[in-house]
Amino acid sequence: TNVTVAVPRGEDGEMELFVSTQSATKTQSLVAKALSVPASRVVIRVKRMGGGFGGKESRSTTLSTVVAVAAQKLKRPVRCMLDRDEDMLVTGGRHPFYGRYKVGFMKSGKVVALEVTYYNNAGNSIDLSLSIMERALFHMENSYSIANIRGRGYVCKTHLPSNTAFRGFGGPQGMLIAESWMSDVALSLGLPAEQVRRLNMYIQGETTPYSQILDHITLDRCWDQCLEISSFNQRRAGVETYNRDHRWTKRGLSVVPTKFGISFTALFLNQAGALAHIYTDGSVLLTHGGTEMGQGLHTKMVQVASRTLGIPSSKIHITETSTNTVPNTSPTAASASSDLNGAAVHNACEILLHRLEPYKTKNPKGCWEDWVNTAYFDRVSLSANGFYKTPDLGYDFETNTGRPFNYFSYGVACSEVEIDCLTGSHKNIHTSIVIDVGNSLNPALDIGQVEGGFMQGVGLYTLEELKYSPEGYLFTRGPGMYKIPAFGDIPTDLTVSLLRDAPNDKAIFSSKAVGEPPLFLAASVFFAIKDAITAARKESGLSGPFRLDSPATPERIRNTCEDRFTKLCPPAEPGTFTPWAVVV
């Protein structure tokens, strides 16, 4: 949960804070403002977080500022760590979205026009809600080429705690609504959903609604490989056979692509710094602007430094992230931290290598320690600052020109589920994922990120639901009522494949971002459930599009499988009763 330790340091209002935050500089700025001192008097230190996912990008400052003021008044260290129920009550979460759409399409399934409107529940303050809406609009077409398109977004102020960033930052919400209308098109025409999706997918050289040309697109390769490793055609035949033989359990199958833009949509955040020290024993101390929250960022930065300097990783150490070593850092967010900080680390190491080059030339048979010592005795600085800013970025909403994203990460997932039509419960039978991460910096870490992001998405789309009383009291503030994925929710058969031979020339060592893109692939589970419900509804003589809101909880699955039992107990008319809970 959110936690801060504030320690007053001597005179002149100095304050040192140990904070679980993704945004050290923002925390420094707000604490300095709360204490009425310059930012140079405040030091923020982050060793690691124990999980962030966006919830500690801005909302952690609510606690940090209060604790700092208390420490200043008492002239002694103060520590505060929220209980889980307190954290869920005050911190806010992912923005709920409501989407309305109008789609024009041909009999073949080709979508030719789209008008979509998004409404997000911002809570009681703007926080990051506008940027989240921007990203949702940038992903309103997901992976599909649509000739005529118009998107609008409305940020809605409500009396709930302010909602904030969460892995995907509006992208998953925008893309889920896109897949909903794509599913409706297929159901309207009676065509297989995968056929309609494949027909509308982007190809190399096409232009997005925000005028960015797609180059190095790997969607088609991911799609074809995913169908192959999942044995899609055999699996589809098996699902149809199973559904013919079973009335009250049904299976569903779905393939869903994703295209996720990598960069902060706020241009000024696309920068990073790094600091590297070489000591006379040859060891290297490395610091950069990114924070470690379990995603392996420090591990990747050590690898970048090791590869650049040509020394073993064992000689390189990262202690922590702190504002007194690397200033003015961007939040560790938007999946861009390996790209930005990796390039800054590379820059710092290149500067050091350049300084050591004369000594390597003079003593080619020497070792790393020899060159370092010779440079030291020759009074050469063995410390360097690195800096990087993403080139050729910037988008203008007024003229619809520019490049909002440096590049895109692509992926495709195929999932099979089985639902119980009488209880609404479901089992995740199979998922195959193919994702393009360029030339991976660390395949083990990246596969872990894909698996973790996917399972977090399974929670988002099938389990996790906030319920409030009509007066705004949050009921779901702990594991008793708020259900997150467990071991049994992992697909029985889960396969993750990183796309081969897809280098990305726009990021460090031809790699690609991997933090946020995999989360939306869990929508394949959601639409597999919808496919299974379609088969159940067919038994009752129902066909065509129908509404299924996310998350696909047992209640929603059961009630959407309309049959003779649901007709016995129709829902009450709105306004004739007081609901026990309001879902937002």
Side-chain angles (χ1 to χ4, degrees), residues 54 57 118 128 130-146 149 151 153 165-175 178 201-219 222 257-272 290 330-343 388-412 435-439 449 453 499 502-521:
E57 182 176 344
Y118 293 145
L128 299 168
L130 186 61
S131 296
I132 285 164
M133 179 57 77
E134 286 178 0
R135 186 167 278 271
L137 288 168
F138 279 131
H139 290 78
M140 63 183 173
E141 87 292 14
N142 189 10
S143 306
Y144 308 115
S145 175
I146 301 164
I149 187 166
F166 194 166
R167 196 175 194 167
F169 205 74
Q173 293 97 310
M175 291 188 284
M201 262 171 34
Y202 277 120
I203 58 173
Q204 177 79 11
E206 288 191 307
T207 306
T208 65
Y210 39 90
S211 305
Q212 184 161 345
I213 297 171
L214 297 173
D215 52 1
H216 301 105
I217 190 167
T218 56
L219 260 177
C222 290
T258 186
K259 170 183 68 68
F260 197 89
I262 306 300
S263 283
F264 286 97
T265 49
L267 179 62
F268 71 94
L269 292 175
N270 293 286
Q271 59 176 303
S330 297
T332 304
S335 305
S337 298
S338 289
D339 294 357
L340 295 172
N341 294 289
Y388 176 77
K389 64 175 183 178
T390 311
D392 306 321
L393 275 186
Y395 175 76
D396 187 334
F397 272 95
E398 296 299 322
T399 60
N400 192 28
T401 56
R403 292 179 70 248
F405 302 116
N406 191 29
Y407 62 89
F408 296 90
S409 284
Y410 302 100
V412 176
I435 192 160
D436 172 16
V437 295
N439 290 347
Q449 283 286 286
L499 189 70
N504 171 38
D505 60 4
K506 293 183 174 64
I508 184 73
F509 296 146
S510 300
S511 63
K512 272 191 176 183
V514 73
E516 292 170 307
L519 183 134
F520 179 69
L521 295 177

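Reckoned from all heavy atoms, side chains included, excluding hydrogens, waters and symmetry mates. For this chain, numbers begin at 1 and follow the sequence in order.
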| remark: All heavy atoms of S263 vs all of L393, minimum pair found to be OG-CD1, 3.5 Å
| remark: Tightest non-hydrogen contact, residues A333 and E57, listed as CB-OE1, 3.5 Å
| task | Hey, could you give me the CD/OG distance between Q449 and S338, rounded to the nearest 0.5 Å? | result | 8.5 Å
| Contact check, side chains of P517 and S335, non-hydrogen atoms, under 4.5 Å | yes
| field | Residue pairs involving residues 132-141 (criterion salt bridge (charged side-chain N to carboxylate O under 4.0 Å, His left out); sequence neighbours excluded) | value | E141-K259
| said: Within the 3.5 Å criterion, strictly below it, is a donor on D436 or T218 matched to an acceptor on the partner's side chain? | reply: yes
| request: Kindly compute the distance separating CD1 (I217) from CZ (F408), expressed to the nearest 0.5 Å. | output: 8.5 Å
| query | Which distance, rounded to the nearest 0.5 Å, do you find between the CE of M133 and the CD of Q173? | reply | 9.0 Å
| task | Examine distances only and state if a side-chain atom of N142 and a backbone atom of P257 form a donor-acceptor pair shorter than 3.5 Å. | result | yes
| task | Please report the shortest heavy-atom distance between P209 and I149, naming the atom on each side. | result | CB-CG2, 3.7 Å
| message | Treating H139 as the side-chain partner and G261 as the backbone partner, does any N or O pair qualify as donor plus acceptor under 3.5 Å? | response | yes
| query | Does the side chain of I262 reach to within under 4.5 Å of the side chain of D339, using non-hydrogen atoms? | reply | yes
| request: Without swapping roles, check the side chain of R403 against the backbone of D392 for a donor-acceptor pair under 3.5 Å. | output: yes
| query | Going by distance alone, is a donor N or O of one side chain under 3.5 Å from an acceptor N or O of the other, for Y395 and N400? | reply | yes
| said: Could you tell me if the side chain of F169 sits less than 4.5 Å from the side chain of S131, heavy atoms only? | reply: yes
| Those residues that, when tested against S145, pass side-chain contact (heavy atoms from CB on, under 4.5 Å) (two or more places apart) | Y202, E206
| said: Could you check whether any side-chain heavy atom of L269 comes within less than 4.5 Å of a side-chain heavy atom of P331, counting everything from C-beta outward? | reply: yes
| request: Evaluate ring pair (Phe, Tyr, Trp, His ring centres under 6.0 Å) for H216 paired with Y407, printing each intermediate quantity in order. | output: CA-CA 9 Å; H216 301 105; Y407 62 89; over 10 Å; no
| Any residue meeting side-chain contact (heavy atoms from CB on, under 4.5 Å) with S510, in chain and number order, not counting sequence neighbours | N439, P503
| query | How about C222 and L219: do any of their side-chain heavy atoms sit closer than 4.5 Å? | reply | no
| said: Testing the basics here: between Y118 and A136, what is the closest heavy-atom pair and its distance to 0.1 Å? | reply: CE1-O, 3.5 Å
| query | Would you say the side chain of L340 lies within less than 4.5 Å of the side chain of F264, judging by non-hydrogen atoms? | reply | yes
| query | Got T208 and L214 here, is their nearest side-chain heavy-atom distance under 4.5 Å? | reply | yes
| task | Applying salt bridge (Lys or Arg N to Asp or Glu O under 4.0 Å), name anything that partners E516, two or more places apart in sequence or on another chain. | result | none
| task | Could I get the full list of salt bridge (Lys or Arg N to Asp or Glu O under 4.0 Å) partners for D215, not counting sequence neighbours? | result | K506
| field | Summary of salt bridge (charged side-chain N to carboxylate O under 4.0 Å, His left out) pairs that have at least one residue in residues 165-174, sequence neighbours excluded | value | none
| said: Testing the basics here: between T207 and I213, what is the closest heavy-atom pair and its distance to 0.1 Å? | reply: OG1-CG1, 3.9 Å
| note | Minimal heavy-atom distance between T332 and S337, with the atoms involved, is CG2-OG, 3.2 Å
| query | Do P518 and I435 have side chains that get closer than 4.5 Å, going by heavy atoms? | reply | yes
| field | Step-by-step ring pair (Phe, Tyr, Trp, His ring centres under 6.0 Å) determination, F405 to F138 | value | CA-CA 10 Å; F405 302 116; F138 279 131; 5.3 Å; yes
| Under 3.5 Å, is there a donor-acceptor pair between the side chain of K512 and the main chain of A502? | no
